[in-house]
Amino acid sequence: MSLIVVGTMAFDALETPFGKADRVIGGSATYVAWSASNFTQPIKQVSIIGGDFPQEELDKLGKRGVEFDGVEVVKDGKSFFWSGRYHLDMNTRDTLVTELNVLEQFNPQLPESYQNCEFLMLGNLAPAVQISVINQLKNRPKLIVMDTMNFWMEVAMDDLKKALGMVDVLMVNDSEARQLSGEYSLVKAAVKIQEMGPKYVIIKKGEHGALLFNGKRVFFAPALPLEDVFDPTGAGDTFAGGFIGHLAQTGDISFDNMKNAIIVGSAMASFCVEKFGTTRMQELTKEEINDRIQQFVELVNFEISLV
Ligand code: AMP
């Protein structure tokens with residue numbers, strides 16, 4: 001089934017305990033597209049880039065069924081730039097620089113070819129842009145999933161609350177869930193966030209896995225214990241791409257299928273962190289993905305006889 005992906009396409013500068021990369025391709029929509037295209041195509045991308053964004057990167061994504069009719073190119077503008085430094089635990093990071101650049105003027109115009117999509121992934125981006133995309137769709141998609149981050153809570157909370165009232169699933173990490181809800185307990189945070197709109201809340205906990213909440217139902221997906229994590233950048237977006245990619249591939253948005261989808265998301269994220277930037281995502285094979293999903297099945301599979 002068809003999928004629209006909204007988000008940034010960016011340059012990132014990264015520092016991890018394992019090394020530094022000054023200017024690699026990143027952005028929320030870039031990672032979502034690389035990940036989701038393993039499960040569903042075409043992917044209708046909505047973003048904005050400057051004339052500095054390499055054509056070669058667009059071509060590589062194009063070969064993966066990513067369409068760019070909804071990507072605005074500002075020839076004399078600069079692409080979004082983000083820089084981050086990871087702490088030794090690799091679960092926490094500091095944002096060093098966020099340069100919105102062309103994003104500051106982004107007012108997406110959805111092409112006609114993007115209408116009637118069943119799945120909408122609102123990757124991390126200004127909530128006003130996320131709202132504008134929903135409003136331009138003549139028919140509401142079957143499922144709208146939204147990601148966001150603390151940056152938007154700090155600079156655009158009112159818009160963010162409006163956006164929350166329009167979506168089905170919210171994906172955030174644990175600290176963002178706490179910041180958004182004002183609750184330390186993630187169970188209480190999930191309840192409060194559901195009251196803001198999304199009936200499904202996914203809380204990501206980095207190397208400690210992810211929780212899916214819906215009413216009184218909870219499901220937990222672990223993260224694969226990895227020997228080495230080189231660069232966690234994009235892991236959240238890659239998770240989102242696997243999650244929505246699986247749902248779009250199967251067309252099934254039941255809670256039971258969302259459980260499978262967060263396992264698929266976790267498996268995809270486990271690849272992303274193995275190399276810098278999108279490198280690992282670009283070389284992945286179907287066989288590797290299936291093997292890794294099987295590893296997840298084995299990781300959580302046990303039998304017990306209760307006496
Ligand atoms: P993640 O590690 O999954 O949170 O995503 C990292 C990616 O998000 C990087 O490639 C950045 O370019 C992008 N990013 C960082 N800050 C923002 C922001 N405020 N809005 C949208 N995308 C961002």
Side-chain angles (χ1 to χ4, degrees), residues 5-16 21-36 45-50 52-53 57 61 78-87 90-104 106 108 121-130 133 145-157 159-160 163 171-177 179 202-207 210 223 229-244 265-266 268-281:
V5 172
V6 185
T8 47
M9 297 179 76
F11 286 108
D12 292 343
L14 314 165
E15 258 180 68
T16 82
D22 277 344
R23 197 169 156 85
V24 293
I25 294 296
S28 53
T30 308
Y31 281 103
V32 174
W34 274 112
S35 179
Q45 197 90 331
V46 178
S47 193
I48 186 166
I49 52 178
D52 53 356
F53 199 89
E57 295 296 328
L61 282 167
K78 277 167 70 182
S79 301
F80 177 78
F81 174 77
W82 175 79
S83 157
R85 184 191 293 135
Y86 289 86
H87 300 174
M90 291 291 233
N91 258 350
T92 46
R93 70 183 175 202
D94 297 325
T95 288
L96 304 177
V97 181
T98 301
E99 282 176 17
L100 294 176
N101 298 329
V102 290
L103 199 62
E104 222 152 350
F106 190 31
M121 178 69 228
L122 297 170
N124 185 16
L125 192 68
V129 175
Q130 296 176 319
V133 171
V145 181
M146 176 180 156
D147 186 8
T148 190
M149 76 184 292
N150 51 355
F151 179 80
W152 301 114
M153 292 175 202
E154 281 143 29
V155 304
M157 193 55 156
D159 283 344
L160 182 60
M171 250 177 214
V172 278
N173 68 32
D174 44 2
S175 67
E176 291 157 353
Q179 186 170 344
I202 295 172
I203 301 182
K204 298 167 290 177
K205 297 168 36 147
E207 66 171 325
V229 172
F230 280 98
D231 171 21
T233 309
D237 307 309
T238 304
F239 175 97
F243 175 80
I244 197 141
S266 304
M268 297 310 288
S270 74
F271 286 117
C272 176
V273 303
E274 288 178 343
K275 290 192 178 169
F276 266 98
T278 56
T279 315
R280 187 70 178 104
M281 300 313 295

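Remember, it's 1-based here, ligands and their atoms both numbered in the order they're listed. Worth saying up front: this structure is predicted, and the values here are computed from it rather than measured.
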| request: Return the option from Arg93, Glu154, Lys204 holding the heavy atom at the smallest distance from atom 4 (O) of ligand 1. | output: Arg93
| remark: Nearest heavy-atom contact between Phe80 and Leu103 is CD1-CD2, 3.8 Å
| message | Testing the 3.5 Å rule here: is there a donor-acceptor pair between the side chains of Trp152 and Asp159? | response | no
| field | Geometric N/O contact Phe11 with ligand 1, under 3.5 angstrom | value | no
| field | Test side-chain hydrogen bond (donor to acceptor under 3.5 Å, both in side chains) applied to Asp52 and Ser79, step by step | value | CA-CA 7 Å; Asp52 53 356; Ser79 301; 2.6 Å; yes
| task | For the residue pair Met281 and Thr238, establish whether any side-chain heavy-atom pair is separated by less than 4.5 Å. | result | yes
| task | Identify the protein heavy atom lying closest to atom 20 (N) of ligand 1, giving its residue, its atom name and the separation to 0.1 Å. | result | Trp152 NE1, 3.2 Å
| task | Run the numbers for me: atoms of ligand 1, each under 4.0 Å from some heavy atom of Ala10, listed by number. | result | 12 (O)
| Of the listed options (Ala156, Ala269, Gly234, Cys272), which comes nearest to atom 2 (O) of ligand 1 when hydrogens are ignored and any heavy atom counts? | Gly234
| query | Quick one: does Thr279's side chain get under 4.5 Å of Glu274's, heavy atoms only? | reply | no
| note | At under 4.0 Å between heavy atoms, what of Phe239 touches ligand 1? The answer is neither
| field | Close side-chain approach of Tyr31 and Thr233, heavy atoms under 4.5 Å | value | yes
| message | Starting from atom 21 (C) of ligand 1, what is the nearest protein heavy atom, named by residue and atom, and what distance separates them? | response | Asn124 O, 3.0 Å
| task | Run through Leu61, Ile25, Val46 and flag the one making a side chain to side chain contact (heavy atoms under 4.5 Å, CB included) with Met9. | result | Leu61
| note | Heavy atoms of Val273 and Pro232 approach each other most closely as CG1-CA, 3.7 Å
| task | Mark up the atoms of ligand 1 that fall under 4.0 Å of a heavy atom belonging to Gly26, in ascending order. | result | 10 (O)
| said: I need the nearest protein heavy-atom contact for atom 14 (N) of ligand 1: residue, atom name and distance, please. | reply: Phe80 CE2, 3.8 Å
| Short N/O distance, under 3.5 Å, between Tyr31 and ligand 1? | no
| task | Determine whether the side chains of Thr95 and Trp82 contain a donor N or O and an acceptor N or O closer than 3.5 Å. | result | yes
| query | With a 4.5 Å heavy-atom cut-off, do Glu207 and Met90 have their side chains touching? | reply | no
| request: Within a distance under 4.0 Å of any heavy atom of Gly236, pick out the atoms of ligand 1 and give their elements. | output: 3 (O)
| task | Measure the distance from atom 7 (C) of ligand 1 to every protein heavy atom, then report the residue, atom name and distance (to 0.1 Å) of the closest one. | result | Asp237 OD2, 3.6 Å
| note | Any heavy atom of Thr8 under 4.0 Å from ligand 1? The part involved is side chain
| message | Under 4.0 Å, heavy-atom basis, I'd like to know which part of Ala235 is in contact with ligand 1: side chain, backbone, both or neither. | response | backbone
| field | Protein contact of atom 18 (C) of ligand 1 - nearest heavy atom, named by residue and atom, plus distance | value | Met149 SD, 3.5 Å
| task | Check ligand 1 against Phe151 and write out every atom of the ligand that is under 4.0 Å from a heavy-atom position of the residue. | result | 19 (N)
| request: For ligand 1, note which part of Asp12 has a heavy atom under 4.0 Å away: side chain, backbone, both or neither. | output: side chain
| task | Locate the shortest heavy-atom distance separating Phe81 from Asp12; write the atom from each residue and the value. | result | CE1-C, 4.3 Å
